[in-house]
J.: 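First the structure, which I've put down as structure tokens, then a few questions once you've had a look.
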Amino acid sequence: MSAPTPSADGIGIANLPNQRHKIVAKRGAHFTMMVVGESGLGKTTLINTLFSTELSPNKNYSKRHYKQLDKLTEVEIIKAELEEKQFKVKLTVIDTPGFGDYVNNRDSWSPIVDFIDDQHEAYMRQEQQPQREEKTDLRVHACLYFIRPTGHTLKPLDIEIMKRLGTRVNLIPVVAKADTLTQNDVIVFKQRVREVIAAQGIRIYQPPVESDDDSAAEHARMLTGAIPFSIIGSTEDVQTADGRVVKGREYLWGVAEVEDETHCDFRKLRSLLIRTHMLDLISTTEELHYENYRQQQMETRKFGEPKVKKVDNPKFKEEEEQLRRRFTEQVKAEEARFRQWEQHLIAERDRLNKDLEMAHSAIKQLEAELDNLQAGYNRGSARR
Ligand SMILES: Nc1nc2c(ncn2[C@@H]2O[C@H](COP(=O)(O)OP(=O)(O)OP(=O)(O)O)[C@@H](O)[C@H]2O)c(=O)[nH]1
Ligand SMILES: [Mg+2]
């Protein structure tokens with residue numbers, strides 16, 4: 001049997017040996033990948049590069065390619081169907097809008113984490129239905145996380161997001177725009193990123209090393225060593241100094257080639273995704289990430305009960321806390337205003353009472369004077 005080493009062309013899965021692969025091969029595979037990262041790092045470009053290098057019409061795949069915009073999350077869903085030797089792959093790529101690079105911008109990335117959870121949730125709910133065929137399934141099998149090629153290290157925001165993603169999906173970190181760093185800087189940067197990932201306990205996808213297959217094990221080790229994959233994305237055909245036409249980016253010093261392994265790890269990444277590890281990504285998602293989600297949900301709610309929406313969503317908690325604070329402040333301000341008004345009323349009442357008393361005593365005095373006058377008048381008229 002042939003080993004799952006990267007073949008020069010073709011999806012490669014059709015050739016895979018073991019039993020599970022045969023079963024999946026019969027049904028066809030449904031593979032969903034997602035790109036995540038700061039704005040402008042080349043996520044959309046990488047997707048297009050994948051499509052224009054691997055899934056081009058001159059390869060013998062049948063391809064249906066359409067885009068769908070999810071209004072709620074603003075993700076773009078691109079679907080394609082690949083077929084090779086009667087082995088079908090339904091490929092779904094989810095392009096997400098990049099978030100800003102400023103600190104504390106939870107609002108922009110928590111929808112992405114929610115999206116992943118929501119797909120698990122939707123699948124779980126469908127599993128609980130009596131008719132369990134024909135499920136719509138957008139569970140993410142591979143999530144590419146784009147790292148800005150700063151040459152320094154991971155940013156706190158990267159660490160925070162990667163931690164959350166790593167516990168939910170097969171997380172594959174990539175160094176974006178590798179052509180903007182020198183080859184040596186890429187090596188150093190990748191090493192630093194690996195160190196931070198290890199130190200921070202970020203979970204990333206590790207290609208499994210098969211003990212019974214030497215060349216596959218070697219391939220897996222080579223892939224693992226290349227993580228985070230450095231990427232050059234481009235859909236442009238450019239001409240190299242030696243006259244070849246390749247996908248790449250043109251510079252004064254020459255061409256940065258997408259598919260040249262000395263320039264970047266694009267081929268390794270593509271091989272992992274589309275050729276050698278697609279089925280492993282699918283089965284680890286089912287057996288590990290989906291199962292984790294399912295178990296967690298089973299522990300926190302009764303069977304069939306709807307998801308308690310956003311209970312442990314930090315963004316929601318923060319908002320709730322802010323609302324509560326604002327509400328308390330408003331109540332306090334209102335109370336103070338009321339007390340002031342009450343005091344003002346009491347003072348006014350006192351003042352009026354005093355006025356009234358004064359008016360009363362004035363009346364009494366006038367009455368007394370009147371009495372006196374009357375008495376004087378009576379005495380006078382009596383004398384006459
Ligand atoms: N130098 C270099 N530029 C790249 C590369 N990939 C993409 N770009 C350029 O970077 C810019 C942004 O690329 P996009 O693919 O739109 O980036 P994005 O991550 O999808 O951005 P958002 O959708 O805003 O999150 C474009 O001008 C691309 O041509 C790369 O590998 N190297
Ligand atoms: Mg984009």
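Position 1 is the first residue of the sequence; numbering continues from there. In listed order, ligands and their atoms are each counted from 1. If you're wondering where the values come from, they're calculated on a predicted model, not measured in any experiment.
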J.: Check the surroundings of atom CD in Gln365: do more than 12 heavy atoms from other residues, nucleotides or ligands lie under 6.0 Å from it?
T.: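 Incorrect, the count does not exceed 12.
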J.: Would you say the side chain of Met33 lies within less than 4.5 Å of the side chain of His141, judging by non-hydrogen atoms?
T.: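 Side chain of His141 against side chain of Met33, heavy atoms only: no contact under 4.5 Å found.
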J.: Do Thr284 and Asn170 get their side chains close enough for a donor-acceptor pair, meaning under 3.5 Å?
T.: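 Present: a donor and an acceptor within the cut-off.
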J.: Examine the side chains of Asp242 and Thr240 and answer whether a donor and an acceptor come within less than 3.5 Å of each other.
T.: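 Result is yes, a qualifying pair exists.
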J.: Do any of the N, O or S atoms of Thr44 sit under 2.8 Å from the Mg ion (ligand 2)?
T.: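 So Thr44 does bind the Mg ion (ligand 2) by this criterion.
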J.: Among all the protein's heavy atoms, is there at least one whose distance to atom 27 (O) of ligand 1 comes out below 4.0 Å?
T.: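 Within 4.0 Å of atom 27 (O) of ligand 1, no protein heavy atoms are found.
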J.: If you scan the protein for heavy atoms around atom 5 (C) of ligand 1, do you find one that is closer than 4.0 Å?
T.: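 There is a protein heavy atom less than 4.0 Å from atom 5 (C) of ligand 1.
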J.: What I'd like to find out is whether the side chain of Val89 reaches to under 4.5 Å of the side chain of Ile274, using heavy atoms alone.
T.: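 Side-chain contact under 4.5 Å: no.
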J.: Is it the case that ligand 1 has an N or O less than 3.5 angstrom from some N or O of Ser39?
T.: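 By distance alone, the answer is yes.
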J.: Between Thr45 and ligand 1, does any nitrogen or oxygen pair lie at a separation below 3.5 Å?
T.: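 Such a contact does occur with ligand 1.
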J.: Answer with side chain, backbone, both or neither: which part of Val35 has a heavy atom less than 4.0 angstrom from an atom of ligand 1?
T.: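 None of Val35 does.
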J.: Does Ile232 reach ligand 1 with a nitrogen or oxygen that is under 3.5 Å from one of the ligand's nitrogen or oxygen atoms?
T.: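 Ile232 vs ligand 1: no N/O contact under 3.5 Å.
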J.: Would Gly233 count as a polar contact of ligand 1, with the cut-off being nitrogen or oxygen pairs under 3.5 Å?
T.: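 Looking only at distances, the answer is yes, because the N/O contact criterion of under 3.5 Å is met.
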J.: How far is atom 18 (P) of ligand 1 from its nearest protein heavy atom, and which residue and atom is that?
T.: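 Of every protein heavy atom, Lys43 N, 3.5 Å lies nearest to atom 18 (P) of ligand 1.
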J.: Can you check whether Leu41 has an N/O within less than 3.5 Å of an N/O in ligand 1?
T.: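 N/O-N/O distance below 3.5 Å exists for this pair.
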J.: Nearest protein heavy atom to atom 20 (O) of ligand 1, by residue and atom, and its distance?
T.: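 That would be Thr44 OG1, 2.8 Å.
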J.: Within the supplied structure, the quantity of interest is the number of heavy atoms (other residues, nucleotides, ligands) at a distance under 6.0 Å from Glu286 CD; does it exceed 12?
T.: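 It does: Glu286 CD has more than 12 such atoms within range.
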J.: For the salt bridge (Lys or Arg N to Asp or Glu O under 4.0 Å) test, which of Arg139, Arg164, Arg294, Arg168 pairs with Asp117?
T.: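 Filter result, single survivor: Arg168.
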J.: Among the clusters formed by ILVMFWY side chains lying less than 4.5 Å apart, do Leu273 and Ile77 turn up in the same one?
T.: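 Both belong to a single hydrophobic cluster.
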J.: Can you find a pair of side-chain heavy atoms, one from Arg221 and one from Val209, that are under 4.5 Å apart?
T.: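 Yes. Closest side-chain heavy atoms under 4.5 Å.
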J.: Give me the residue, atom name and distance of the protein heavy atom closest to atom 17 (O) of ligand 1.
T.: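 Among all protein heavy atoms, the one nearest atom 17 (O) of ligand 1 is Gly42 N, 3.0 Å.
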J.: Students should be able to answer this: which protein heavy-atom is nearest to atom 9 (C) of ligand 1, and at what distance?
T.: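 Going by distance alone, atom 9 (C) of ligand 1 is nearest to Arg249 NH2, 3.7 Å.
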J.: Taking the minimum heavy-atom distance to atom 32 (N) of ligand 1, which of Ile231, Asp179, Val258, Thr235 ranks first?
T.: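 Heavy atom nearest to atom 32 (N) of ligand 1 belongs to Asp179.
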J.: When only distance counts, is Thr96 in polar contact with ligand 1, meaning an N/O pair under 3.5 Å?
T.: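 The answer is no, given that Thr96 and ligand 1 share no N or O pair closer than 3.5 Å.
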J.: Taking all non-hydrogen atoms of both residues, which atom of Ile112 and which atom of Pro97 are closest, and how far apart?
T.: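 That closest heavy-atom pairing would be CD1-O, 4.3 Å.
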J.: Which residue supplies the protein heavy atom nearest to atom 10 (O) of ligand 1, what is that atom called, and how far is it?
T.: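 That would be Lys177 NZ, 3.1 Å.
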J.: Between Gly98, Gly37, Gly40, flag the one that comes closest to atom 21 (O) of ligand 1 by a heavy atom.
T.: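 Going through Gly98, Gly37, Gly40 one by one, Gly40 has the nearest heavy atom to atom 21 (O) of ligand 1.
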J.: Taking only heavy atoms of Thr180 into account, list the atoms of ligand 1 that are under 4.0 Å away from them.
T.: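 In order of numbering, the contacting atoms are 1 (N).
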J.: Is it the case that more than 12 heavy atoms not belonging to Trp253 sit under 6.0 Å from its CH2 atom?
T.: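 Count over threshold, so yes.
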J.: Check Asp355 with Arg351, please: is the shortest side-chain N to carboxylate O separation under 4.0 Å?
T.: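 So Arg351 pairs with Asp355 through a salt bridge.
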J.: Within the structure, is a non-hydrogen atom of Tyr251 found at a distance of less than 4.0 Å from ligand 1?
T.: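 The answer is yes: ligand 1 sits under 4.0 Å from a heavy atom of Tyr251.
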